Amino acid sequence: MSTSTGFDIRRIGGRIGAEIVGVDLSADLDPAIVTEINAALLDHKALVFRGQQLDDAGQLRFASLFGALTAAHPTVPSVDGQPNILPVDGDEGIRANHWHTDVTFVRTPPKASTLRSIVVPPYGGNTLIANSAGAYQDLPEPLRELADKLWAVHTNDYDYAAPKNDKAAEHRKQFVSRKYRTAHPVVRVHPETGERGLFIGGFAQTIEGLGPSESRDLLRIFQSYVTRPENILRVAWTPGDLVLFDNRITQHYAPDDYGDLPRLLHRVTVAGDAPVGIDGTSSRAIEGGDAGHYTPAVA
């Protein structure tokens with residue numbers, strides 16, 4: 001479809017994803033274009049901009065059109081000289097080979113994330129993005145009623161992968177150098193659209209009021225709906241691409257399927273608010289504080 005501002009929105013997935021054609025992200029974007037891009041983001045949840053060839057400054061400028069920026073990460077170092085940019089560098093043996101929503105172990109996870117491809121392997125190295133609202137809608141009514149009542153504890157301190165080398169072990173040590181635990185509703189109400197989505201992913205480790213075994217079983221069942229093929233967009237990168245996705249109602253995953261080939265993306269995230277459950281209750285920090293050094297407060 002074409003918009004009133006002239007660019008095209010081309011759906012690339014049945015339930016999630018669109019490619020934006022006809023917008024040069026290196027230019028100064030008219031506020032009307034930004035408004036329409038944001039509307040497309042709310043509708044499609046993940047947007048792909050091909051061949052933009054932005055530099056770090058351009059990525060920062062574009063991401064900031066959607067709100068205040070977070071620091072690169074609560075515990076992991078940023079790109080040198082760029083405190084808002086996180087290097088996603090598979091060449092160092094540090095690969096997020098699991099489904100997750102960015103930084104849900106803090107009380108106010110990012111609203112949106114941008115990923116920009118710099119070095120991509122000739123095969124593999126895709127990014128998968130899942131629609132967690134579609135997952136919620138797919139739940140049978142008894143499971144949906146159960147999910148509506150549950151809260152999950154998210155943490156950065158868990159063993160999601162054994163370090164493959166010394167560099168990865170050092171990264172792991174840095175990642176948990178400050179431990180966070182935060183309680184979020186299993187069903188989050190999107191603050192702009194009112195949609196309900198399953199707000200879980202790899203950092204969600206336990207269900208409040210349940211033991212570890214029951215928590216794992218329930219989270220596995222709910223997660224299986226998020227990762228149904230019909231809810232997933234697969235982004236095959238080419239150098240210079242940029243992807244913008246709504247971190248409030250998606251999960252993503254970067255399969256470790258490209259051997260020892262290099263892969264480098266830069267991530268910039270937009271500050272978000274505290275998730276709210278269907279009863280209007282907001283998330284709460286349990287350990288680690290409010291991460292004010294990482295993310296500004298969003299009204």
Side-chain angles (χ1 to χ4, degrees), residues 7-13 16-29 33-34 37 40-41 44-66 69-70 72-73 76-100 102 110 112-130 164 167-168 171 232-247 250-270:
F7 62 85
D8 288 338
I9 302 172
R10 301 177 182 174
R11 294 184 65 164
I12 51 177
I16 180 173
E19 186 172 330
I20 304 298
V21 180
V23 176
D24 179 2
L25 300 187
S26 67
D28 291 330
L29 298 183
I33 292 178
V34 177
I37 291 174
L41 178 65
H44 299 286
K45 300 176 175 57
L47 303 178
V48 180
F49 301 81
R50 295 291 186 187
Q52 293 292 321
Q53 305 299 335
L54 295 176
D55 57 11
D56 284 342
Q59 183 177 5
L60 289 166
R61 183 174 60 251
F62 175 68
S64 68
L65 295 174
F66 301 92
L69 302 182
T70 72
H73 193 273
V76 177
S78 67
V79 170
D80 287 345
Q82 297 285 3
N84 303 103
I85 300 178
L86 181 73
V88 182
D89 191 350
D91 194 34
E92 297 185 351
I94 305 161
R95 301 183 178 183
N97 194 39
H98 65 292
W99 284 102
H100 65 287
D102 282 336
S113 297
T114 66
L115 288 174
R116 175 171 60 94
S117 58
I118 300 171
V119 177
V120 297
Y123 58 83
N126 299 167
T127 295
L128 311 182
I129 307 173
K164 294 183 177 181
K167 189 173 288 188
H171 178 270
I232 295 173
L233 171 70
R234 178 181 287 268
V235 178
W237 294 98
T238 57
D241 294 342
L242 183 137
V243 171
L244 168 68
F245 55 88
D246 190 333
N247 199 58
T250 62
Q251 290 183 27
H252 56 283
Y253 177 97
D256 183 2
D257 61 354
Y258 50 100
D260 59 359
L261 295 168
R263 178 183 185 268
L264 175 64
L265 310 178
H266 278 183
R267 188 184 86 185
V268 177
T269 49
V270 182

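Not measured: the values here are computed from a predicted model. FYI, the numbering just counts along the sequence from 1.
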Distance-only polar pair, side chains of [X] and [Y], donor-acceptor under 3.5 Å:
X: Asp102; Y: His252; result: yes
X: Gln52; Y: Ser26; result: no
X: Thr269; Y: Ser113; result: no

Val48, Leu115, Asn126 screened by side-chain contact (heavy atoms from CB on, under 4.5 Å) with Val235, the one that passes | Val48
Just by distance, do the side chain of [X] and the backbone of [Y] share a donor-acceptor pair under 3.5 Å?
X: Asp241; Y: Gly51; value: yes
X: Asp257; Y: Gly125; value: yes
X: Asp89; Y: Leu264; value: no

Mind checking the [atom1]-[atom2] spacing from [X] to [Y]? Nearest 0.5 Å is all I need.
X: Thr114; Y: Ile85; atom1: OG1; atom2: CD1; value: 8.5 Å
X: Ile9; Y: Arg11; atom1: CD1; atom2: CZ; value: 11.0 Å
X: Leu54; Y: Gln59; atom1: CG; atom2: CD; value: 7.0 Å
X: Leu244; Y: Lys45; atom1: CG; atom2: NZ; value: 13.0 Å
X: His44; Y: Leu233; atom1: NE2; atom2: CG; value: 11.5 Å
X: Ser117; Y: Gln53; atom1: OG; atom2: CD; value: 8.0 Å

Would you check if [X] and [Y] make a side-chain contact, meaning some heavy-atom pair closer than 4.5 Å?
X: Tyr258; Y: Arg263; result: yes
X: Phe7; Y: Val21; result: no
X: Ile37; Y: Phe49; result: yes
X: His73; Y: Arg267; result: yes
X: Asn84; Y: Ser78; result: no
X: Leu242; Y: Leu25; result: yes
X: Ile16; Y: Ile129; result: yes

Does the side-chain contact (heavy atoms from CB on, under 4.5 Å) test come out yes or no for Leu265 and Trp237, once each step is laid out?
-> CA-CA 10 Å; Leu265 310 178; Trp237 294 98; 4.0 Å; yes
Has Arg50 got more than 12 heavy atoms of other residues, nucleotides or ligands less than 6.0 Å from its CZ?
-> yes
Taking every heavy atom of Pro239 against every heavy atom of Val120, the minimum-distance pair comes out as CD-CG2, 3.6 Å
Check Leu261 against Pro122 and note the closest heavy-atom contact, atom names and distance.
-> CD1-CD, 3.7 Å
Hey, is Arg116 close enough to Asp56 for a salt bridge, meaning N to O under 4.0 Å?
-> yes
Please lay out, stage by stage, how Val270 and Leu69 fare under the test side-chain contact (heavy atoms from CB on, under 4.5 Å).
-> CA-CA 4 Å; Val270 182; Leu69 302 182; 4.2 Å; yes
For Leu128 and Trp99, run side-chain contact (heavy atoms from CB on, under 4.5 Å): C-alpha distance rounded to whole Å, both residues' side-chain angles, the deciding distance at 0.1 Å, then the answer.
-> CA-CA 9 Å; Leu128 311 182; Trp99 284 102; 3.6 Å; yes
